[in-house]
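The basis for the numbers below is simple: all heavy atoms, side chains too, and nothing from hydrogens, waters or symmetry mates. Both counts, for ligands and for their atoms, begin at 1 and track the order of listing. Sequential numbering from 1 along the given sequence is applied to the chain's residues. In this text the structure is predicted, and so the values were computed from the model without any measurement.
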Amino acid sequence: MDANFRYLQGACFFCLAKTNKTWCDHCEYNFILDQTRCPICARNSSSRNPCGSCLKHQPFFTNTEVLFNYQYPGDHLIKAFKYNNRPELANIFAEKLTHKLKNADFRPGMLIPVPLHKHRQRERGYNQSLEFASSLGKLLRITVNSSLCRRIIDTQQQSSLPMNTRKNNVKGAFKLSHINPFDYVVIVDDVITTGSTVNEIATLLKKSGCRRVDVWAIARTQF
Ligand SMILES: [Zn+2]
Ligand SMILES: [Zn+2]
C-alpha cells in the first residue's frame with residue numbers, strides 16, 4: 001500500500017484534509033460525482049448514451065452503477081477494503097451507492113453477490129462482494145441471495161490474465177442452484193474489469209427466466 005494513503009481517523013483517505021467522513025467533499029466530487037458513464041457498462045463516456053462497445057456487443061445486463069473508477073487513487077481504497085481487512089468500508093460504499101440511486105425508480109426483487117469459489121472464500125475469510133451486497137440489502141431493504149449463484153470452477157483472478165483470455169476464463173465458471181423467482185435482479189460485484197464475469201452470470205439469469213438484470217459495483221476499470 002502506498003505510504004501516502006492511510007486510513008486515519010478524522011482525515012480524508014485521499015487528500016488527508018480534515019473531515020469526519022472517509023473522504024472529503026472535494027474528493028467525492030472528483031472521484032464519484034463528476035463522471036459521465038455509459039448507462040449499460042459504466043465505462044467513462046462523453047455522453048450518457050450507450051458506448052460503442054455496448055452497441056457492438058450488447059451485454060446481457062441492462063444497466064451498471066458504480067461509485068468510482070478503479071484507478072489511482074480509488075484503487076487504494078479498494079485494496080484497503082480487500083486486503084487490509086477493513087470490512088466496515090462496505091457500509092460506506094453502500095451508503096454512497098444508495099445515495100446515488102435515490103432518484104431511480106427501479107426496484108429489484110433480489111441482490112446476487114458475485115460468489116467466490118469455496119477454496120478462495122476459505123483462504124480470504126470473507127467475500128467482499130457479499131459484504132457490499134449485505135450492506136446494500138440492509139439499506140435498501142432488498143433480499144440478498146448468496147446461495148443462488150455458485151462458482152463451480154476456481155478461475156484465475158481476472159486481473160492476473162491478459163485481456164483476450166478473460167472472457168473464456170469465466171465461461172462455465174458459474175451455476176445457478178435453483179430457479180430464480182424474480183423478474184428483475186441485480187448482480188453485486190466489488191470491481192468490474194472487462195464485465196465478462198457479470199455478463200456470464202447475467203446470461204444464466206436471463207436463461208432462467210429473468211427479464212432484467214442490472215449490475216451494481218464499487219469500482220470499474222476503464223480499459
Ligand atoms: Zn479529500
Ligand atoms: Zn458501454
2.8 Å cut-off met by an N, O or S atom of H26 to the Zn ion (ligand 1): no
Pairwise side-chain contact, L176 with L205, heavy-atom cut-off 4.5 Å (strictly under): yes
Closest non-hydrogen atom pair between L77 and L89, with its separation: O-CD1, 3.9 Å
Metal site angle (apex the Zn ion (ligand 1)), SG from C12 and SG from C27, 10 degrees: 110°
Check: W216 and P108 side chains under 4.5 Å, non-hydrogen atoms: yes
At the Zn ion (ligand 2): angle between C38 atom SG and C41 atom SG, to 10 degrees: 110°
Shortest non-hydrogen contact between N127 and P115, atoms and distance: ND2-CA, 3.8 Å
